[in-house]
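Right, one structure below, let's go through it.
Numbered from 1 within each chain, the chains take letters A, B, ... in sequence-line order. Model, not experiment: these values are computed from the prediction.
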Protein chains: 2
Amino acid sequence: MSNRRNAVHEILRQSEGFRSAQDVYAEMRAEGAKIGLTTVYRALQTLVDSGQVDVLRTDDGESVYRACASVHHHHHLVCRRCGRTVEVAGPAVERWAEAVGTEHGFTEITHTVEVFGTCSACSAAKAG
Amino acid sequence: MSNRRNAVHEILRQSEGFRSAQDVYAEMRAEGAKIGLTTVYRALQTLVDSGQVDVLRTDDGESVYRACASVHHHHHLVCRRCGRTVEVAGPAVERWAEAVGTEHGFTEITHTVEVFGTCSACSAAKAG
DNA sequence: GCGTAAATGAAAACGGTTGTCAAAATCGGC
DNA sequence: GCCGATTTTGACAACCGTTTTCATTTACGC
């Protein structure tokens, strides 16, 4: 369909990690592409909807996108002091959530898990 | 010091889950408290900085806050259609969260878990 | 009571995101 | 190729949660 959307997808493919919409937009403009910010957002949204792109929110509320979504479900371990975040997998939690839901007659079960703690660096700083 | 800050903290203490700043503000105003939105934000930020409150971002970019030492700890299984909520205990999850945190050198580990699903009544209604 | 410093809050600024709407590109039939 | 209908596009404004500004109020020590 639109080669704009493919162009956006291509930028993400060429990128290593997560990129923000504004970032993608800036790069495309820098490359000389005639594209509007609105279209970048729309393309990203479409890609997310069709499962071709992962999206998550940074701590300061910006959405960041990444291509090649192996729908790899994970949770976050967040330091409550410095905000450092570690992605963690939790097969035990997945199974537990599913079991708890089923046990109560619920279907189409999803879940969110956030683990908070004080990371080693911060607990050292705090102690000192 | 400021009883405004304590008031904000108190609202969070009386709350079960995460609340948004605007939500806290609305409740305080509804209770007749003379407080500004700015002060609520400032109080929340201070509480977060001092480690008395957890904060995270929702999917739509809003910051939500929760008082740290939750008294009786349990999780919620929520029907995404009718909102019916079941309190569930999850020793497996508690252990998992603790283990995951420790594994990454984190201490003072807390966690939040929300399980969503469609309850039996609603999935029946939906099917029909 | 008086002075200083901290706290407060109304309003404006900010920034990322989303909506609006007219223009441009594309499609389908001929 | 031509023409109308549909889709895509993008400049701009609107939106909304959050942060900053700054003048006022309050708390505290004397």
Discussion item. Show, in sequence, the C-alpha distance, side-chain angles and deciding distance for Ile11(B) and Glu31(B), and conclude whether the side chain to side chain contact (heavy atoms under 4.5 Å, CB included) test is met.
Written reply: CA-CA 11 Å; Ile11(B) 293 285; Glu31(B) 285 177 358; 4.0 Å; yes

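For Gln45(A) and dT17(C), the CD to C1' distance is 10 Å, given to the nearest whole Å. Rounding to whole angstrom units, CG of residue Asn6(B) and P of dT8(C) are separated by 10 Å. In this entry the distance linking OH of Tyr25(A) with C1' of dC12(D) reads 12 Å, nearest Å. Remark: C1' of dT17(C) and CZ of Arg57(B) are 13 Å apart, rounded to the nearest angstrom. Met28(A) has its CE atom 9 Å from the P atom of dG10(D), to the nearest Å. As rounded to whole Å, 14 Å separates atom P of dT25(D) from atom NZ of Lys34(B). Between the CG atom of Leu44(A) and the P atom of dT17(C) there is a distance of 9 Å, given to the nearest Å. Counting to the nearest Å, the C1' atom of dG17(D) and the CG atom of Leu56(B) are 15 Å from each other.
With no hydrogens or angles considered, a side-chain donor-acceptor pair links Tyr41(A) and Gln22(A) at under 3.5 Å. Asp49(B) and Gln45(B) share a side-chain donor-acceptor pair at under 3.5 Å. No hydrogens or angles considered: a donor-acceptor pair under 3.5 Å links the side chains of Glu94(B) and His111(B).
Ser20(B) comes within 4.0 angstrom of nothing in the nucleic acid, heavy atoms only. Here Gln22(B) lies in heavy-atom contact (under 4.0 Å) with a base.
If you find the closest nucleotide of DNA chain C to Arg29(B) and to Leu37(A), the one lying nearer the 5' end belongs to Arg29(B).
Of the candidates dT18(D), dT21(D), dT17(C), dT21(D) carries the atom nearest the Arg42(B) side chain, counting heavy atoms from C-beta on. Candidate nucleotides dC12(D), dG9(C), dT18(D) were compared by shortest atom distance to the side chain of Thr39(B), and dG9(C) ranks first. Among dG9(C), dT18(D), dT18(C), the nucleotide with an atom closest to any side-chain atom of Tyr41(B) is dT18(D). For Thr38(A), the side-chain atoms get nearest to dG19(C) when compared with the rest of dT18(D), dG19(C), dT21(D).
With sequence neighbours excluded, the residues forming a side chain to side chain contact (heavy atoms under 4.5 Å, CB included) with Thr38(B) are Arg42(B), listed by chain and number.
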